[in-house]
2 protein chains.
Amino acid sequence: MARRLNLEDVGRRAGVSRSTVSRVVNGGHVSSETKRRVEAVIAETGYRPHAAARSLASNSTGVIGLVIPSAAGTLFDDPYFGRLILGISSATNEVDMTLALFLFGDGPDESSIISRVVTPGLVDGVIVTATTRGDPLIDHMGGTSMPFVVVGRPDSAGSTFCVDVDNRAGARAAALHLAGLGRTRPALITAPSNTSAGIDRRNGFLEGLAEAGLSVEDRIQEGDWSQESGRRAMARLLAEQPDSVFVSSDRMAVGALRAIGESGINCPRDISVVSFDGIVPPDLTTPRLTSVVQPVTEVGERAVRLLTSVISGASTTPEHVVFPTELAVRESCGSNAPAGPAA
Amino acid sequence: MARRLNLEDVGRRAGVSRSTVSRVVNGGHVSSETKRRVEAVIAETGYRPHAAARSLASNSTGVIGLVIPSAAGTLFDDPYFGRLILGISSATNEVDMTLALFLFGDGPDESSIISRVVTPGLVDGVIVTATTRGDPLIDHMGGTSMPFVVVGRPDSAGSTFCVDVDNRAGARAAALHLAGLGRTRPALITAPSNTSAGIDRRNGFLEGLAEAGLSVEDRIQEGDWSQESGRRAMARLLAEQPDSVFVSSDRMAVGALRAIGESGINCPRDISVVSFDGIVPPDLTTPRLTSVVQPVTEVGERAVRLLTSVISGASTTPEHVVFPTELAVRESCGSNAPAGPAA
DNA sequence: GCCTCCTATGGGAGCGCTCCCAACAATATG
DNA sequence: CATATTGTTGGGAGCGCTCCCATAGGAGGC
């Protein structure tokens, strides 16, 4: 097997120096005649610069890391992460960077992976997502010189770059919509209370309810993001005879809808359902889900752009990007309005 | 900002040379006294070796790439890829390597990503999956010196390393099971015919049917892996009044079950349903799905192990690993057997 | 016609590591 | 007591690139 070509080899073939080839590759100033000749040699030989050598010399790897802690089981069953990865991936492709994925299982390897993430010369920066309250990861990242942005709202939001959606306002809008339909016995299925999305959606919903003079009283159950947990939560809630329910994720709402169907109660006639995410294709459920739509893909893309700007040093003071949500009204809430915007 | 520490700095602090520190880090022979002293300095300074420098000098990056072409839309809605990534990720963590994800959108960036995948000094090897028949990617990879293994069955299986499940045998078993239940008007919902899984599952099913003296005649529809496509396919199929159906993926089977439910036909009484994958949690459907279970996570783990052995040079002659599947009998096939193994 | 300035190019230095060989000390062997 | 052997350590060379400065011409200004 022949030795890999390097800049010097290409230069020799084209009758120029290493430096000139480097300029052609990286877009420096080269006379057009020379450039043509070098490019011909590159095309002919299939030369590609060595990424590690480049990283070492330029002190930049062209790789960004995506860190998802506690990525066990259910995580990948929720289309949320798929969408997020898709958004992040398409943005990294666009800026010609490579995406490295750090998935933590639980278990002892966790700490070794954390330290791998901040290995110098591996990635230029990191996007951290799906952290829970009190997760030591973010503090740990903050203690290093590795640039990073958080997707979601970390505990100490002030000191980090983050991208999030307005969970609170979205949930509040759901409450107001339900109240506007004349529902008076609202129920709530929350997401885990150790996640910022879980907390914000719960608080936003309760806040909206309060504004409308309503309350969930004890019609509240916590789910774990899974469809099955939504079903179980709803089954328990039905004993309280709610006339409406806000489910903190699409996935759980699909389960809730099943529980409702199985109990013989009619949605939307007897109970209005509004969910959060807008990720599950509407036609997948009957009735079609009314939900607070969050722009997952955009969040991912934006996180990449923010990170690259942190890496380049263009952004230095912590910035908090918040995307608005949009209520897509469909049949499950029993609104007599025609099918909503995303119909 | 202080300059990053390097081996030399650590050595100076510990009163030894660069080489000795390197031996401590990489597990070479060092006297225990020296080792202790060096490790103390490392712990105290938080020194971590520079990945790019290491890659350059050792000609190995510790990164493996996962390439998923045509990764648009539906891809991530199917839990299959989540599971596969989970398996691959846990295996790379185990061998202390990093996972780089190459997702291709369609569009012009495709070719630039392909060439990025084979950039020297970026990854040590690549796992390629979700290719379609005639995909130029595999040929392209074969033309480079980049080690790679394919998940699935490529066109020219003979010349590459690959890991697959026995789609054909699994589908055949499904056919035989249906025939054994006394069903005589079987129908088939296939996966896309430009994928090896789609082809193998179709052929295996037809083969099993033939063995039992049965045929699908024109009770056959092609889906695109999505739940919605399964529903539409089933709706069309119902006009032919099949008494059983093999759906080539769980996801599509969920859709098929819905179409059946909506038509007022009773599953399993009037129609038996068997699917392929075993990925959707059984309790998610009513009746619970009988399916041919494929060990997705193991496939991912095995792909990593095979790849590392190709990278190290331990494996040189193309190898074709095939995992068996297992039929998990539940309620949707109407078998009067008690709930199956995975119940 | 001389000096300046700019453009195009070459080559040294160095990024931080691994690999290898040489050097040395301490011990074992004849 | 000389020599072989083992265990431990140091340092040179080199991985392939980028960055920067030096240099050589050619164009332009006076």
Side-chain angles (χ1 to χ4, degrees), chain A residues 1-39 41-42 45-63 116 118-124 145 312, chain B residues 1-39 41-42 45-63 116 118-124 145 312:
Chain A
M1 186 146 86
R3 196 176 56 77
R4 275 188 17 81
L5 256 65
N6 62 22
L7 274 185
E8 202 89 41
D9 299 326
V10 174
R12 198 173 312 119
R13 291 207 192 206
V16 296
S17 76
R18 171 170 50 92
S19 303
T20 299
V21 180
S22 171
R23 283 185 201 100
V24 171
V25 171
N26 298 308
H29 260 268
V30 182
S31 76
S32 58
E33 157 58 14
T34 307
K35 182 172 177 182
R36 207 192 41 68
R37 218 168 55 235
V38 172
E39 278 171 343
V41 174
I42 290 177
T45 58
Y47 167 78
R48 304 228 67 216
H50 191 281
R54 207 174 218 184
S55 301
L56 179 59
S58 67
N59 197 29
S60 125
T61 63
V63 179
R116 183 159 63 234
V118 298
T119 299
L122 220 207
V123 299
D124 289 338
S145 59
S312 72
Chain B
M1 185 148 88
R3 195 177 55 78
R4 271 188 21 78
L5 256 63
N6 62 23
L7 275 185
E8 202 89 41
D9 299 326
V10 174
R12 199 174 310 120
R13 292 207 191 204
V16 296
S17 76
R18 172 172 48 93
S19 304
T20 299
V21 180
S22 171
R23 283 185 201 101
V24 171
V25 171
N26 298 309
H29 259 268
V30 182
S31 75
S32 58
E33 157 59 14
T34 308
K35 183 171 176 182
R36 206 191 42 68
R37 219 168 54 236
V38 172
E39 278 171 345
V41 174
I42 290 177
T45 57
Y47 167 77
R48 301 229 68 217
H50 192 281
R54 206 172 217 184
S55 301
L56 179 59
S58 67
N59 197 28
S60 127
T61 62
V63 179
R116 182 157 67 231
V118 298
T119 299
L122 219 207
V123 298
D124 289 338
S145 59
S312 72

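Just so it is clear: chains get the letters A, B, ... in the order the sequence lines come, proteins before strands, and each one is counted from 1. All values below come from the heavy atoms of this structure, side chains included, with hydrogens, waters and symmetry mates left out.
- Between Y47(B) and dG16(C) there is no side-chain N or O to OP1 or OP2 distance below 4.0 Å.
- Separating the CG atom of L5(B) from the P atom of dC17(C) is a distance of 9 Å, rounded to the nearest angstrom.
- Counting non-hydrogen atoms of other residues, nucleotides and ligands closer than 6.0 Å to CZ of R48(A) gives a total above 12.
- Taking only distance into account, the side chain of R18(B) meets the base of dT18(C) through a donor-acceptor pair shorter than 3.5 Å.
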When you look at R18(B) and V21(B), which way does the side chain to side chain contact (heavy atoms under 4.5 Å, CB included) test go after all the steps?
-> CA-CA 5 Å; R18(B) 172 172 48 93; V21(B) 180; over 6 Å; no
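- Under 4.0 angstrom from either OP1 or OP2 of dT9(C) there lies at least one side-chain N or O belonging to T34(A).
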What do the steps show when you test N26(B) against R54(B) for side chain to side chain donor-acceptor pair (under 3.5 Å), and what is the final call?
-> CA-CA 11 Å; N26(B) 298 309; R54(B) 206 172 217 184; 2.8 Å; yes
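- Within residues 25-33 of chain B, the residues having any heavy atom closer than 4.0 Å to DNA chain D are, in order of number, H29(B), V30(B), S31(B).
- A straight line from CG of N59(A) to P of dC17(C) spans 12 Å, rounded to a whole angstrom.
- Here the P atom of nucleotide dC15(D) and the CD atom of E8(A) are 10 Å apart, to the nearest Å.
- Shown here for V41(B) and R13(B), the closest heavy-atom pair between the two residues is CG1-CB, 3.8 Å.
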Close N or O pairs between protein and nucleotides 20-26 of chain C (under 3.5 Å):
none

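- For S58(B), no side-chain nitrogen or oxygen approaches OP1 or OP2 of dT18(C) to under 4.0 Å.
- If you measure from atom CG of L7(A) to atom C1' of dA13(C), you get 16 Å, rounded to the nearest angstrom.
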